[in-house]
**Student:** 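The structure follows.
None of the values given here were measured: they were computed from a predicted structure.
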Amino acid sequence: METKRRIVDKNVHNDLLYSQAVDMLRAGEVVAFPTETVYGLGAIATNENAVAKVFQAKGRPSDNPLIVHVGDPHDIEKYVQSIPEKAKRCIDAFWPGPLTIILNAKPSLFASNVTAGLSTVGLRMPNHPVALELLKRLKEPLAAPSANRSGKPSPTTGKHVEHDLQGRIPLILDGGATGIGLESTVADFTVDPPVILRPGGVTAPMLREVIGEVIEPKSEHEQDSSVPKAPGMKYAHYAPDAPVYLIKPETSVITAAINEIHKNGQTVALLAPVTCKVDAADWFFSLGDGLNLDEYAQSLYAHLRACDETTADIVLVTVPQTDGVGTAILNRLEKAANGNWWIS
Ligand code: TXA
Ligand code: MG
């Protein structure tokens, strides 16, 4: 299959391109599109065969459910059994935006592979002009996971999607780099208080301001097995080919680590704020000034992918502060590193 990557330019009429995308989706094909978080790979959520193509193109395990994207908050009344008051308030406050809300789905409405057999469904209205235009014209719910090969960092550009899914999907709507760079917050509203299953751009303090108590996930090593989880969080994720180690953002600690790695005859790529740049690193990727966490989030996946273009044996990544979107960044880093910290 030939994969076409088509630029969706804000200043040009893209009528034909959107019609092609809608026709393909209605014909049971998959199409990649940008959202404000990361690129998604969409299929109509009621079409089992189309959704199966998403799993196949990504190489995704079938027990990991997909998020259903909607173009209008009112649409979800058709899809779920009821909308609790707290979910309503969060929809008012954060949609369109990076918050996926888990609710009890109406039975037999979505294709069973969308929800991986669960009785719940994750819903989100993305805040991106291309995604919203596509949804408006499609008038159907669009199931879409991140448009990467399973296990790789989520794509934040159309070229990342092309790199991963070339020859596996027919069309990529390329709307340039995504704004946030990390996947949405996933929160379970079938329980009260709601539970955050995956941290993201809508943080726990932001949710608390709107609905009061919210349960937050603990970091990897202190997880409580009784708390529900997003099935996807159990898989190795977001990882380049070389092993990743987390490290404190301190120049002396990083220098010692690099010396040790070099002594073992290995090379190292360092992802860190410019304030932690160590010249001895064989490759350096800047995560910004260390204070701007938005910049850190936005550039992280592109840099993790760029490590695969180097011959680095080891990737060192400095951890961010954990306020704001820092919690979500650390969550993804712990997965990329499989929980490993560099200890000299
Ligand atoms: O920002 C995002 O959320 C992007 C864009 C494309 O919208 N999508 C995304 O999808 O990251 P994906 O499939 O890569 O991650 C979806 C996560 C997985 O961890 C999955 O297990 C969880 O959401 N999830 C989906 N439906 C669920 C459900 N009914 N119950 C619990 N977890 C669910
Ligand atoms: Mg994903």
**Student:** Under 4.0 Å between a side-chain nitrogen and a carboxylate oxygen: does that hold for D164 and R305?
**Tutor:** yes
**Student:** Taking the six-membered ring for Trp, are the ring centroids of Y301 and Y238 within less than 6.0 Å of each other?
**Tutor:** yes
**Student:** Write out all pairs satisfying side-chain hydrogen bond (donor to acceptor under 3.5 Å, both in side chains) with one or both partners inside residues 71-92, taking only residues at least two apart or from two chains.
**Tutor:** K86-D192
**Student:** Just by distance, do the side chain of N14 and the backbone of L17 share a donor-acceptor pair under 3.5 Å?
**Tutor:** no
**Student:** Where do P320 and G326 come nearest, in terms of heavy atoms and distance?
**Tutor:** CG-O, 4.0 Å
**Student:** List, by chain and number, the other hydrophobic cluster members for L291, where Ile, Leu, Val, Met, Phe, Trp and Tyr join if side-chain heavy atoms come within less than 4.5 Å, directly or indirectly.
**Tutor:** none
**Student:** Please assess T3 against I172 for the test side chain to side chain contact (heavy atoms under 4.5 Å, CB included), listing each intermediate value before the final yes or no.
**Tutor:** CA-CA 7 Å; T3 301; I172 301 164; 3.7 Å; yes
**Student:** Test: side-chain hydrogen bond (donor to acceptor under 3.5 Å, both in side chains). Region: residues 15-27. Which pairs qualify, not counting sequence neighbours?
**Tutor:** D15-R137
**Student:** Between the main-chain N or O of G181 and the side-chain N or O of Q298, is there a donor-acceptor pair closer than 3.5 Å?
**Tutor:** no
**Student:** Compare all side-chain heavy atoms of L138 with those of I44 and state whether any distance is below 4.5 angstrom.
**Tutor:** yes
**Student:** Output the distance between atom OG1 (T120) and atom CG (D188), rounded to the nearest 0.5 Å.
**Tutor:** 7.0 Å
**Student:** Taking N264 for its side chain and Q266 for its backbone only, find out whether a donor-acceptor pair lies under 3.5 Å.
**Tutor:** no
**Student:** Please report the shortest heavy-atom distance between P73 and I91, naming the atom on each side.
**Tutor:** CB-CG2, 3.8 Å
**Student:** When you measure from the side chain of N338 to the backbone N and O of N340, does any donor-acceptor pair fall under 3.5 Å?
**Tutor:** no
**Student:** For residues 310-327, pull every pair meeting side-chain hydrogen bond (donor to acceptor under 3.5 Å, both in side chains), keeping only residues two or more places apart or in separate chains.
**Tutor:** T267-D313
**Student:** Side chain to side chain contact (heavy atoms under 4.5 Å, CB included) between V8 and D174: does it pass, once the steps are laid out?
**Tutor:** CA-CA 6 Å; V8 196; D174 186 339; 5.7 Å; no
**Student:** I need the I247 CD1 to L271 CG distance, nearest 0.5 Å.
**Tutor:** 12.0 Å
**Student:** In the structure I gave you, are the side-chain heavy atoms of F55 and S150 within less than 4.5 Å of one another anywhere?
**Tutor:** no
**Student:** H303 side chain to L287 main-chain N or O, any donor-acceptor pair under 3.5 Å?
**Tutor:** no
**Student:** Is the number of heavy atoms from other residues, nucleotides or ligands within 6.0 Å of CD (Q56) greater than 12?
**Tutor:** no
**Student:** Which pairs, with at least one residue in residues 41-59 and sequence neighbours excluded, count as a salt bridge (charged side-chain N to carboxylate O under 4.0 Å, His left out)?
**Tutor:** E29-K53
**Student:** Enumerate the salt bridge (charged side-chain N to carboxylate O under 4.0 Å, His left out) contacts for residues 112-130, please, sequence neighbours excluded, ordered by first and then second residue.
**Tutor:** E36-R124
**Student:** Check whether any side-chain heavy atom of V244 lies under 4.5 Å from a side-chain heavy atom of P240, and answer yes or no.
**Tutor:** yes
**Student:** What verdict does the side-chain hydrogen bond (donor to acceptor under 3.5 Å, both in side chains) test give for E183 and S154, after you've listed the backbone C-alpha separation in whole Å, the side-chain angles of each residue and the deciding distance to 0.1 Å?
**Tutor:** CA-CA 8 Å; E183 306 81 357; S154 293; 2.5 Å; yes
**Student:** Taking R149 for its side chain and A57 for its backbone only, find out whether a donor-acceptor pair lies under 3.5 Å.
**Tutor:** yes
**Student:** For Y296, check ring pair (Phe, Tyr, Trp, His ring centres under 6.0 Å) against everything at least two apart and list the hits.
**Tutor:** none
**Student:** I would like to know whether T100 and S184 meet side-chain hydrogen bond (donor to acceptor under 3.5 Å, both in side chains); could you show each step before the answer?
**Tutor:** CA-CA 6 Å; T100 297; S184 63; 2.8 Å; yes
**Student:** Enumerate the side-chain hydrogen bond (donor to acceptor under 3.5 Å, both in side chains) contacts for residues 101-110, please, sequence neighbours excluded, ordered by first and then second residue.
**Tutor:** none
**Student:** If the condition is ring pair (Phe, Tyr, Trp, His ring centres under 6.0 Å), which residues does W283 pass it with, not counting sequence neighbours?
**Tutor:** none
**Student:** Quick check: do V68 and L142 have side-chain heavy atoms less than 4.5 Å from each other?
**Tutor:** no
**Student:** Where do F285 and A306 come nearest, in terms of heavy atoms and distance?
**Tutor:** CE2-CB, 3.7 Å
**Student:** Indicate the atoms forming the closest heavy-atom contact of A242 with I314, along with that distance.
**Tutor:** CB-N, 4.3 Å
**Student:** Are W95 and I211 connected, step by step, through hydrophobic side chains (Ile, Leu, Val, Met, Phe, Trp, Tyr) whose heavy atoms are closer than 4.5 Å?
**Tutor:** yes
**Student:** Using side chain to side chain contact (heavy atoms under 4.5 Å, CB included), reason through F110 and N47 one step at a time and then give a plain yes or no.
**Tutor:** CA-CA 8 Å; F110 295 115; N47 184 334; over 6 Å; no
**Student:** Are the side chains of I67 and H69 in contact, using a 4.5 Å heavy-atom criterion?
**Tutor:** yes
**Student:** Please give me the minimum heavy-atom distance between T178 and T37, naming the atom from each residue.
**Tutor:** OG1-O, 3.0 Å
**Student:** Please report the C-alpha distance between L41 and S146 in whole Å, then the side-chain angles of each, then the deciding distance to 0.1 Å, and finally whether the side chain to side chain contact (heavy atoms under 4.5 Å, CB included) criterion is met.
**Tutor:** CA-CA 6 Å; L41 180 61; S146 50; over 6 Å; no
**Student:** Closer than 3.5 angstrom, by distance alone: can the side chain of H163 be matched with the main-chain N or O of K159 as a donor-acceptor pair?
**Tutor:** no
**Student:** Not counting sequence neighbours, which residues clear ring pair (Phe, Tyr, Trp, His ring centres under 6.0 Å) with F284? List them please.
**Tutor:** none
**Student:** Specify the closest pair of heavy atoms between L165 and A147, including all atoms of both residues, with the distance to one decimal.
**Tutor:** CD1-O, 3.3 Å
**Student:** Side chains of L134 and L25, heavy atoms from C-beta outward: is any pair under 4.5 Å?
**Tutor:** yes
**Student:** As an exercise, state the distance from SG of C276 to CG of L270, rounded to the nearest 0.5 Å.
**Tutor:** 8.0 Å
**Student:** I need the L304 CG to T156 OG1 distance, nearest 0.5 Å.
**Tutor:** 10.0 Å
**Student:** Please answer: with hydrophobic residues joined when any side-chain heavy atoms are less than 4.5 Å apart, are V274 and L293 in the same cluster?
**Tutor:** no
**Student:** Does E216 pair with R208 as a salt bridge, N-O distance under 4.0 Å?
**Tutor:** yes
**Student:** Please collect all salt bridge (charged side-chain N to carboxylate O under 4.0 Å, His left out) contacts where either partner lies in residues 239-259, sequence neighbours excluded, each pair once.
**Tutor:** K152-D241
**Student:** To the closest 0.5 Å, what do you measure between CG (N127) and OG1 (T35)?
**Tutor:** 9.0 Å
**Student:** Counting C-beta onward and ignoring hydrogens, is there a side-chain heavy-atom pair between I261 and L316 closer than 4.5 Å?
**Tutor:** yes
**Student:** Treating N292 as the side-chain partner and E295 as the backbone partner, does any N or O pair qualify as donor plus acceptor under 3.5 Å?
**Tutor:** yes
**Student:** Residues in side-chain contact (heavy atoms from CB on, under 4.5 Å) with T185, at least two apart?
**Tutor:** L99, I196, V202
**Student:** Would you indicate whether the side-chain heavy atoms of H262 and D282 approach each other to under 4.5 Å?
**Tutor:** yes
**Student:** Between the side chain of Y39 and the main-chain N/O of G175, is any donor-acceptor distance below 3.5 Å?
**Tutor:** yes
**Student:** To the nearest 0.5 Å, what is the distance between CG on L16 and CZ on R6?
**Tutor:** 10.0 Å
